[in-house]
Novice: 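Provided herewith is a single structure, encoded as structure tokens, for subsequent inquiry.
All figures in this text were calculated on a predicted structure; none of them were measured in a lab.
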Amino acid sequence: MRNYESFRGKIRKLAAWLSAHPISVALAYAAFYFPMFFYLEHRTVTEYYVIHCGLDDVLPYCPAFVVPYVSWFLLIPGMLLYFLKREPERYYELCWLLFGGMTVSLLFYLVFPNCICLRQPVSGEGLCNQIVLLIRTVDTPTNVCPSIHVASTAAVMVEAGRSERLRSRRLVRYGLNLLGVSICLATVLLDQHSAVDVVCGVALTMILNNVMELWLRRRSLRNMHTQKPMQHAK
């Protein structure tokens with residue numbers, strides 16, 4: 001019993017410290033995510049499950065979409081910092097959606113190795129094609145379903161739609177939604193992912209969002225029940 005109470009005390013101290021240093025949540029997760037991602041990218045796997053659907057065969061290759069694809073690397077940290085400074089509650093919600101989705105995806109890749117066979121040789125000397133080639137040297141066609149690119153983009157779109165500050169800034173909100181849709185399209189129009197990966201990425205974020213909303217609803221009801229006895233006591 002004493003050990004249990006000691007453990008609970010340590011958890012409370014950790015929670016209090018994280019609450020006082022919220023940026024540490026994102027930094028701590030990054031320290032876990034990147035080594036795990038690169039391990040999964042370069043581990044030796046004897047057999048992959050190929051992800052493919054009929055839609056993949058008719059979607060064109062559009063190198064110009066590398067612009068929104070690359071913007072994802074600015075969008076995610078940018079929105080985390082924005083909510084951290086402007087709406088701390090939304091920051092923690094976005095952390096749950098982002099890091100929850102990334103963790104589920106990594107675990108899925110670990111137990112169910114998957115890949116795509118969609119990438120065709122890139123021809124042309126344009127800047128966009130050169131950036132695509134550079135991306136492909138780092139990002140292998142494995143560990144694609146669900147798409148982390150899509151799941152995290154959907155998470156940003158969900159929290160942007162929930163934001164009180166962004167609600168009055170329609171142009172900004174519409175711009176974020178347009179960028180989000182463009183990023184999701186870019187994953188298939190650059191042959192980085194199958195359409196199946198996109199659907200699974202969006203579905204994953206929606207499931208995590210429903211879980212979060214259920215938890216927030218229960219917490220709100222619990223707080224209401226604890227406040228009522230105090231009001232009666234007064």
Side-chain angles (χ1 to χ4, degrees), residues 26 33 37 51-83 86-87 90-91 93-95 97-102 105 116 118-120 122-141 143-163 165-209:
Y33 172 79
F37 178 81
I51 307 297
H52 184 268
C53 70
L55 184 58
D56 299 330
D57 298 328
V58 298
L59 289 171
Y61 168 73
C62 301
F65 271 84
V66 76
V67 176
Y69 186 87
V70 172
S71 71
W72 177 87
F73 295 96
L74 298 176
L75 175 69
I76 302 304
M79 292 305 295
L80 280 170
L81 289 173
Y82 173 81
F83 284 124
R86 301 297 183 182
E87 297 180 68
R90 299 283 171 257
Y91 167 77
E93 292 176 359
L94 183 57
C95 283
L97 293 177
L98 285 177
F99 305 153
M102 290 176 178
S105 297
I116 54 170
L118 301 172
R119 295 182 181 179
Q120 301 297 319
V122 175
S123 59
E125 300 297 327
L127 177 61
C128 290
N129 281 325
Q130 296 305 309
I131 297 175
V132 171
L133 288 173
L134 178 62
I135 291 172
R136 290 184 179 183
T137 61
V138 180
D139 186 16
T140 69
N143 305 319
V144 293
C145 185
S147 168
I148 290 178
H149 233 72
V150 171
S152 52
T153 300
V156 168
M157 295 171 71
V158 167
E159 283 306 316
R162 193 180 275 128
S163 168
R165 281 179 170 267
L166 294 178
R167 193 169 297 160
S168 59
R169 301 177 180 179
R170 293 186 177 181
L171 288 179
V172 175
R173 197 172 72 234
Y174 292 156
L176 283 172
N177 287 335
L178 179 60
L179 177 59
V181 171
S182 298
I183 291 173
C184 294
L185 286 174
T187 62
V188 291
L189 296 180
L190 296 177
D191 296 334
Q192 289 292 105
H193 285 277
S194 163
V196 176
D197 308 334
V198 175
V199 173
C200 291
V202 173
L204 174 58
T205 295
M206 294 302 103
I207 291 172
L208 290 172
N209 185 57

Novice: Any idea which heavy atoms bring Leu190 and Cys62 closest together, and the distance?
Specialist: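 So the minimum-distance heavy-atom pair works out to CD2-O, 3.3 Å.
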
Novice: Any chance you could measure Leu171, atom CG, to Leu178, atom CG, to the nearest 0.5 Å?
Specialist: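 Leu171 CG to Leu178 CG: 11.5 Å, rounded to 0.5 Å.
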
Novice: Between CG of Leu166 and CZ of Arg86, what distance do you get to the nearest 0.5 Å?
Specialist: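 Answer rounded to 0.5 Å: 10.5 Å.
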
Novice: Counting heavy atoms not belonging to Arg119, are there more than 12 under 6.0 Å from its CZ?
Specialist: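 Atom CZ in Arg119 is packed in, count exceeds 12.
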
Novice: Fit a plane to each ring of Phe73 and Tyr69, take the angle between them on a 0 to 90° scale, and name the class: parallel (under 30°), tilted (30 to 60°) or perpendicular (over 60°).
Specialist: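 The rings of Phe73 and Tyr69 stand perpendicular, inter-plane angle above 60°.
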
Novice: State which residue, out of Val188, Ile116, Thr187, Asp56, fulfils the side chain to side chain contact (heavy atoms under 4.5 Å, CB included) condition with Asp197.
Specialist: Ile116

Novice: Is Leu127 close to Val66 at the side-chain level, that is, under 4.5 Å between some pair of heavy atoms?
Specialist: no

Novice: Give the minimum heavy-atom separation between Ser152 and Leu98, together with the two atoms involved.
Specialist: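 Shortest heavy-atom contact: CB-CD2, 3.3 Å.
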
Novice: To the closest 0.5 Å, what do you measure between CE (Met102) and CG (Leu97)?
Specialist: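 Interatomic distance, Met102 CE to Leu97 CG, rounded to 0.5 Å: 11.0 Å.
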
Novice: Is there side-chain contact between Val156 and Tyr82, with at least one heavy-atom pair below 4.5 Å?
Specialist: no

Novice: Starting at OG1 of Thr205, measure out to CE of Met157 and round the result to the nearest 0.5 Å.
Specialist: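 It comes to 10.5 Å.
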
Novice: Could you grab the distance from atom OG1 of Thr153 to atom CG of Asn177, nearest 0.5 Å is fine?
Specialist: 11.5 Å

Novice: Do Gln130 and Leu134 come close enough that some side-chain heavy atom pair is under 4.5 Å?
Specialist: no

Novice: Specify the closest pair of heavy atoms between His193 and Ser147, including all atoms of both residues, with the distance to one decimal.
Specialist: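 In this case the closest contact between His193 and Ser147 is NE2-OG, 3.5 Å.
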
Novice: Identify the heavy atoms of Val196 and Cys53 that sit nearest to each other, and give their distance.
Specialist: CG2-CB, 3.8 Å

Novice: Could you check whether any side-chain N or O of Trp72 sits under 3.5 Å from a backbone N or O of Ile183, counting only pairs where one atom can act as donor and the other as acceptor?
Specialist: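 Here the side-chain-to-backbone pair does not exist.
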
Novice: For a quick test of reading the model, state the closest non-hydrogen atom pair linking Leu179 to Ser71 and the distance between them.
Specialist: CD1-OG, 3.3 Å

Novice: Is the shortest heavy-atom distance from the side chain of Arg165 to the side chain of Glu87 under 4.5 Å?
Specialist: yes

Novice: Phe83 and Ser163: side chain to side chain contact (heavy atoms under 4.5 Å, CB included), yes or no, with the steps?
Specialist: CA-CA 9 Å; Phe83 284 124; Ser163 168; 3.9 Å; yes

Novice: Is there a side chain to side chain contact (heavy atoms under 4.5 Å, CB included) between Asn143 and Phe37 once you walk through the steps?
Specialist: CA-CA 9 Å; Asn143 305 319; Phe37 178 81; 5.5 Å; no

Novice: For the pair Arg162 and Glu93, find out whether any cationic side-chain nitrogen is under 4.0 Å from an anionic carboxylate oxygen.
Specialist: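 Here Arg162 pairs with Glu93 in a salt bridge, since their nearest N and O are under 4.0 Å apart.
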
Novice: Looking only at heavy atoms, what is the nearest atom pair of Pro63 and Cys128, with distance?
Specialist: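 Distance-wise, the nearest heavy atoms are O-CB, 3.4 Å.
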
Novice: Has Ser105 got a side-chain atom pairing as donor or acceptor with Gly101's backbone, closer than 3.5 angstrom?
Specialist: yes

Novice: Rounded to the nearest 0.5 Å, what separates atom CD1 in Ile51 from atom CG in Leu118?
Specialist: 10.0 Å

